[in-house]
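Report on the following structure.
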Amino acid sequence: MQGPERVDGQVFNTTQWSVVLAAGETAAPNGREALEQLCRAYWPPVYAFVRRQGRNPDDARDLTQEFFAQFLEKKCVKSADPDRGRFRSFLIASLKNFLVNEWRAAQAEKRGGGQIFISLDEQRDVETRLVAEPADPATTPDRAFERRWALTLLEHVLARLREEFLAAGRQEHFDALKVFVWGDAGADSQGEVAARLGVTPNALGVTVHRLRRRFGELVRAEIAQTVASPAEVDDELRHLMAVLGS
């Protein structure tokens with residue numbers, strides 16, 4: 001397993017996807033765990049892709065489970081091209097190949113290889129979120145995958161940010177301020193929130209600025225886990241912003 005790489009004076013730690021790529025050719029330490037963690041993180045966008053192809057929720061869950069089970073069992077990562085190092089790109093190509101060539105009719109209980117990537121409650125939550133989104137006939141399976149990838153990534157970042165506030169005993173502040181980072185920022189003004197929290201508007205403004213900066217740092221860190229080199233982080237970040245803005 002590689003050590004940290006220094007880029008522009010900063011240390012870029014070995015990413016999960018770097019470990020996975022190495023594991024495709026060698027018995028790299030932690031390769032299997034890194035791949036399983038990536039698969040869990042990408043379960044929602046894969047499910048969104050399958051659902052958008054017209055599958056009902058039960059079939060989509062079964063196919064998603066089976067895809068990831070085969071992805072691990074058959075060590076599909078061995079065919080990854082290091083020159084196209086984004087896990088997102090490799091995964092969607094593998095998924096399309098799976099749906100065209102590898103799925104066979106089977107009983108639902110036989111699918112998934114007995115391995116659960118996310119809990120049933122989490123699976124249902126993914127479906128609930130998809131149903132709640134405005135219907136758009138122009139949304140292709142690829143677009144559904146990209147949007148769910150982007151939203152899931154930001155949800156993971158918000159969860160990490162919330163954990164940091166919780167550890168500092170400031171959950172109330174996070175719950176009140178998160179809308180100024182991502183969400184319906186028009187729900188309350190900063191002045192109203194400041195009054196509710198018992199702080200001055202200027203103090204709240206400083207806190208919001210720091211929160212946004214930390215949010216940006218965590219977004220970059222999350223993206224870095226799914227690319228093979230530091231050079232790809234900014235490109236992937238721009239892609240994320242484009243997907244959210246489309």
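None of the values given here were measured: they were computed from a predicted structure. For reference, positions follow the sequence shown, starting with 1.
- Listed here is the closest heavy atom pair of Gly205 and Gln190: CA-OE1, 3.8 Å.
- Residues Ser94 and Phe98 have side chains not in contact (no heavy-atom distance under 4.5 Å, counting atoms from C-beta outward).
- Within the 4.5 Å cutoff, no side-chain heavy atoms of Thr152 are placed close to those of Tyr42.
- Taking both residues in full, the closest heavy atoms of Pro141 and Gln53 are given as CG-CG, 3.7 Å, listed atom of the first, atom of the second, then distance.
- Residue Leu244 is grouped with residue Leu218 when hydrophobic side chains (ILVMFWY) are merged at heavy-atom distances under 4.5 angstrom, including chains of intermediate members.
- Looking at heavy atoms from C-beta onward, Arg51 lies in side-chain contact with Pro57 at the 4.5 angstrom threshold.
- Note that CD1 of Ile92 is 11.5 Å distant from CG of Asn97, once rounded to the nearest 0.5 Å.
- Side-chain contact between Lys178 and Leu161 is absent, with no heavy atoms from C-beta onward closer than 4.5 Å.
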**Message:** Please determine whether side chain to side chain contact (heavy atoms under 4.5 Å, CB included) holds for the pair Asp235 and Arg86, giving the CA-CA distance in whole Å, both sets of side-chain angles, and the decisive distance to 0.1 Å.
**Reply:** CA-CA 10 Å; Asp235 284 345; Arg86 294 169 181 80; 3.2 Å; yes
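- The distance from atom CZ of Phe87 to atom CG of Leu35, rounded to the nearest 0.5 Å, is 5.5 Å.
- We find that Asp234 and Arg220 are joined by a salt bridge, their nearest charged nitrogen and carboxylate oxygen being less than 4.0 Å apart.
- Contact of the Val179 side chain with the Val193 side chain is not registered, since no non-hydrogen atoms from C-beta on lie closer than 4.5 Å.
- Side chains of Gln70 and Glu66: a donor on one and an acceptor on the other come within 3.5 Å.
- How far CZ of Arg212 is from CG of Leu177: 10.0 Å, rounded to the nearest 0.5 Å.
- Salt-bridge check for Arg170 with Glu164: failed, with every basic side-chain N at 4.0 Å or more from each acidic carboxylate O.
- Minimum heavy-atom separation, Ala41 to Pro45: O-CD, 4.1 Å.
- Taking the six-membered ring for Trp and the full ring otherwise, Trp43 and Tyr47 have centroids separated by under 6.0 Å.
- When every heavy atom of Leu158 is checked against every heavy atom of Trp182, the shortest pair comes out as CD1-CE3, 3.0 Å.
- Ion pair Arg214/Glu217 flagged as a salt bridge, since at least one NZ, NE, NH1 or NH2 atom sits closer than 4.0 Å to an Asp/Glu carboxylate oxygen.
- Residue Arg196 comes nearest to Ala176 through the heavy atom pair NH2-CB, 4.3 Å, listed as atom of the first residue, atom of the second, then distance.
- Contact annotation: the side chain of Thr200 never approaches that of Leu204 to less than 4.5 Å [non-hydrogen atoms, C-beta and beyond].
- Under the 4.5 Å side-chain heavy-atom criterion for grouping Ile, Leu, Val, Met, Phe, Trp and Tyr, Leu153 is connected to Met241 within one hydrophobic cluster.
- Ion pairing between a basic and an acidic side chain is recognised when a charged N comes within 4.0 Å of a carboxylate O; Asp142 and Lys96 show such pairing.
- How far CZ of Arg55 is from OG1 of Thr64: 10.5 Å, rounded to the nearest 0.5 Å.
- Between Phe71 and Phe67, the angle of the ring planes lies from 30° to 60°, which puts this pair in the tilted group.
- Put simply, the side chain of Arg88 reaches to within 4.5 Å of the side chain of Glu236, judged on heavy atoms.
- Using modelled atom types, one side-chain atom of Thr226 and one backbone atom of Ile223 make a donor-acceptor pair closer than 3.5 Å.
- A perpendicular orientation is assigned to the rings of Phe145 and Phe49, their planes being inclined by more than 60° (bins at 30° and 60°).
- Atom CG of Leu166 is separated from atom CD of Glu172 by 13.0 Å, given to the nearest 0.5 angstrom.
- The distance from atom OG1 of Thr140 to atom CD of Glu146, rounded to the nearest 0.5 Å, is 9.0 Å.
- Using a 4.5 Å heavy-atom cutoff, the side chains of Arg160 and Glu222 are in contact.
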**Asked** Would Leu154 and Trp149 satisfy side chain to side chain contact (heavy atoms under 4.5 Å, CB included), going step by step from the backbone distance to the final call?
**Response** CA-CA 9 Å; Leu154 292 186; Trp149 160 74; over 6 Å; no
